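All remarks here apply to the structure that follows.
Model, not experiment: these values are computed from the prediction.
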Amino acid sequence: MSFYDYFLNYFKNRFSKNQITNENVSGAILAELVIISSTLIAALLLRHISIVLTAVVILILLVLILSNLPISIKFFQEQDDSIEKMTFYAILCLGIIVSLVYWGGL
Amino acid sequence: MILLDTQLLTLFTAGALIVIGIFAAIYIDNIIKKIVGLSFIEEGVNLFIISLGYKSGGVIPILLPGMNIKWFANNSAYPLPQALVLTSIVIGASTLAVMLALSMVLYKKHGSLSASKILNHESDMGDEL
Amino acid sequence: MNISIPLIVIIPLIAALFLNLFAGKNKIIKVLAFIVGLGLPILTLTTSYGLHYFGGHQPLALSNIANLSTYITNSSLYNLHPAITYAYTPIAKVFIFALGIVVFLSIFSYLNSENKASGPFLFMVFMATASVSALLLSDDLFNMYVFFEIAALIQTGIIIASSAKDNYETALKYMILSSIGGPILLLGITILLAICGSVNITDISLAISNLVHTPEASGVVLFAFSLIFFGWLYASGLPPFNVIKSLVYSKAEPYGSSVLQAMSLISLIAFIIAMFRIFGTLDIFKGVMIFISIASMILGVSMAAMQTDFRRMIAYLSVGELGFVGLGFGIGGNFAITAGLFQGLNEMIVTTLLFIGLGTVVYLTNTSDTRKLGGLIGKNTFMAIMILLGGLAMAGVPPFNGFRSKLMIVEAALNTGFPEIAVIIILISIATFFVFVKAFHSIFLKPQPRDLTFIRDSIPKSILFTVLVLLIICLILGLYPELVTNPISQSIGGLL
Amino acid sequence: MYELIILIIIIIVTLLSAILALVRTDLLEVAILSGITGLGIALLFQLLLAPDVALTQAIVGAGIIPVFLALAIKKTTRVDDG
């Protein structure tokens with residue numbers, strides 16, 4: 001079964017109650033490809049810090065991506081309009097920024 | 001006892017207020033209580049600013065008649081943070097007023113003050129696909 | 001001492017207050033708004049560069065007082081800025097002029113497409129102009145914070161004034177996030193105040209450049225940086241705030257959305273320049289900028305691709321495009337920063353075009369769901385073609401302005417040894433193109449659904465004119481980018 | 001020494017009322033408790049040598065904000081049913 005079929009089936013199973021158009025599926029596939037390719041390419045930027053780190057990060061990313069494959073849909077559900085998710089991610093981001101910048105201080 | 005210092009204690013209070021406010025922003029469901037919690041963040045930051053200008057054993061930064069200017073300059077608290085906080089308090093109060101007005105409108109519309117009931121809308125795709 | 005610098009902020013403020021005074025008098029409001037909207041760009045063009053010290057309180061070093069004792073002239077007090085300072089630089093000129101154009105065209109299309117001019121809406125538009133102009137002009141971090149909070153309140157007001165579904169919910173969500181982001185930004189500013197004893201950016205950057213390499217102070221400086229950075233993320237709608245920003249854009253009226261996106265773009269630029277001046281010497285600065293910009297671009301484009309509401313689509317695209325500005329600063333160097341800022345300017349104009357242009361679809365059919373639309377090219381072919389060209393400008397197709405600035409960023413990335421960034425930029429541009437063509441197809445080209453009803457028959461001429469003007473600006477900037485890049489790079493040269 | 005004891009008492013009252021304001025279910029109580037927090041902060045401002053700020057904070061934090069909250073509660077509901 002090709003990747004397209006896999007994707008289409010996932011999409012249909014998840015949202016089978018309502019109509020799906022070609023546009024939605026093509027948009028989701030585009031999002032999938034953009035996320036995977038750009039993340040992997042962006043990870044290459046770490047080579048300016050350390051090459052071993054780059055290899056490790058890319059391997060981890062590959063495992064993460066392959067283990068949650070229709071990744072754009074999962075992203076989409078997390079990028080929700082609900083206030084709980086928005087505040088949660090805002091505070092999480094604050095925590096990450098402060099701890100990375102302060103304790104990982106360069 | 002170095003911990004029993006006025007400035008350190010108030011800095012700690014400010015930090016605790018900010019943490020309480022952030023906690024409220026995540027965990028409290030009732031909108032009015034959430035708004036109260038958010039105003040604690042604002043007040044904690046104000047307290048933090050004021051405590052920066054504090055000088056142990058100093059005087060208030062108002063030059064009274066008969067004071068020696070040099071002595072005053074060495075012993076007064078730093079007045080710039082105090083001037084800033086005045087503005088900040090007013091901004092906080094107006095933000096709070098707008099949020100309360102919005103929550104009143106939303107109560108009229110939905111009949112509830114629970115954030116998870118009135119502020120959670122699925123995105124278009126999740127709704128209709 | 002240059003009195004017309006504060007006038008750039010004061011005139012829209014006064015106009016806003018007067019508009020509220022004349023509430024109900026339709027004709028006066030329209031005339032006044034038109035005059036002030038036209039006057040603002042002219043004022044920015046005629047003002048000459050310089051500094052303005054409020055109350056005339058300039059630093060001691062400039063006052064030329066004779067016989068000062070050496071313990072004063074040697075101390076840092078001698079160069080301290082005692083009052084709020086406004087600096088009118090070429091960057092400020094370019095962006096405030098562009099903001100003036102955007103605001104004027106938004107007001108113009110608003111006044112001509114609605115029968116009754118709403119005083120409160122115009123009040124908020126002018127307050128918005130004043131507050132973001134002040135953000136760009138101000139050389140004082142606390143002053144920036146105050147106008148940042150005013151801008152947050154104004155953005156809420158513009159959403160409340162719209163008639164979209166669920167606008168009050170969106171406004172409250174935005175306010176809740178703003179009361180997390182605002183105090184955190186203030187906390188960062190305060191820590192800088194505690195280190196340097198001043199809130200003036202020039203003073204702080206002088207003090208920080210000495211402090212940053214001492215082990216005792218560097219931790220505190222980094223802490224301040226992280227807090228201000230978080231406030232900046234909120235102000236400009238980069239992740240994790242991209243969802244709320246795009247929601248906000250899609251819930252306002254088209255004229256409101258165009259002003260809102262201009263506001264977030266200018267606050268992004270004002271704060272990133274301030275951060276660059278203060279923390280530009282930190283090693284972590286470039287890395288953090290590149291990381292957040294790439295995250296913003298990926299999330300913006302991929303989420304835009306999955307939307308079915310075209311207003312939300314444009315909103316996500318415009319939030320994603322903001323990443324290019326950050327990339328310019330992340331790559332570093334005069335050329336890259338100029339390219340980033342130029343891209344920011346282009347994005348502001350193109351997004352205004354798309355919001356106002358696609359607003360006509362909502363104006364005609366009262367829906368923004370791409371699945372219910374179709375075949376609108378028969379309604380007004382000229383408009384459809386202009387929107388298509390605008391979308392091409394956003395995706396970076398020559399000869400439009402987006403192509404120029406994206407090419408500049410790609411060049412800068414290749415020259416400084418970041419070929420990965422160049423690849424990502426091209427990928428994102430292709431995806432943007434795809435998203436736009438998808439939206440265009442489903443709105444204009446697809447066969448018209450049978451149940452599509454029109455509430456109005458034709459598009460007002462004024463909106464056609466507005467979109468045409470914006471398209472011409474895009475074309476001019478694409479053909480003669482030196483008009484903008486020269487002043488920007490001159491200003492950046494002063495900062496480096 | 002007395003000053004320090006007063007300071008510690010004010011801090012404890014402020015933080016306690018801030019925490020209580022978030023756990024009580026009667027919203028009118030929440031309004032009053034947030035007013036106590038505002039007043040405590042105003043007293044702290046006074047102890048930190050900022051009398052004019054303390055005055056403003058006392059008016060805004062202990063007067064205006066609780067009144068706003070009480071008005072909002074009157075227009076909505078008094079019980080946090082969540």
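Counting heavy atoms from C-beta on, the side chains of B/Tyr107 and D/Thr77 come closer than 4.5 Å. When side chains are defined from C-beta on, B/Leu113 counts as touching D/Leu27, because their heavy atoms get closer than 4.5 Å.
Using a 4.5 Å cut-off between heavy atoms, B/Leu47 touches chain D through backbone and side chain atoms alike. Contacts between D/Leu7 and chain B at a heavy-atom distance below 4.5 Å involve the side chain alone, from C-beta outward. Residue contact with chain D, scored on non-hydrogen atoms closer than 4.5 Å, involves the side chain of B/Leu96 exclusively. Contact annotation for D/Val60: only side-chain heavy atoms (C-beta onward) come within less than 4.5 Å of a heavy atom of chain B. Contact of D/Leu22 with chain B is made through backbone and side chain together, with heavy-atom distances under 4.5 Å. Heavy atoms closer than 4.5 Å to chain D are found nowhere in B/Val90, neither backbone nor side chain.
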### Query
For B/Asn75 and B/Trp71, what are the C-alpha separation, side-chain angles and deciding distance, and is it a side-chain contact (heavy atoms from CB on, under 4.5 Å)?
CA-CA 6 Å; B/Asn75 283 290; B/Trp71 178 86; 3.1 Å; yes
### Query
Where do D/Asp26 and D/Arg24 land on the side-chain contact (heavy atoms from CB on, under 4.5 Å) test, with the steps shown first?
CA-CA 6 Å; D/Asp26 185 351; D/Arg24 302 301 287 182; 5.5 Å; no
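Ranking D/Ile10, D/Ile19, D/Val23, D/Thr37 against chain B, the residue ahead of the rest is D/Thr37, based on heavy-atom pairs under 4.5 Å. Ranked by heavy-atom pairs shorter than 4.5 Å toward chain B, the options D/Ile64, D/Leu69, D/Leu33, D/Thr14 are led by D/Leu69. Among the candidates D/Ile11, D/Val30, D/Leu71, the residue making the largest number of heavy-atom pairs closer than 4.5 Å to chain B is D/Ile11.
From D/Gln46, atom CD reaches atom CD1 of B/Ile60 across 7.5 Å, with rounding to the nearest 0.5 Å. To the nearest 0.5 Å, the span separating OG1 on D/Thr25 from CG on B/Asn30 amounts to 10.0 Å. Atoms CD and CG, on B/Gln82 and B/Leu86 in that order, are 8.0 Å from each other to the nearest 0.5 Å.
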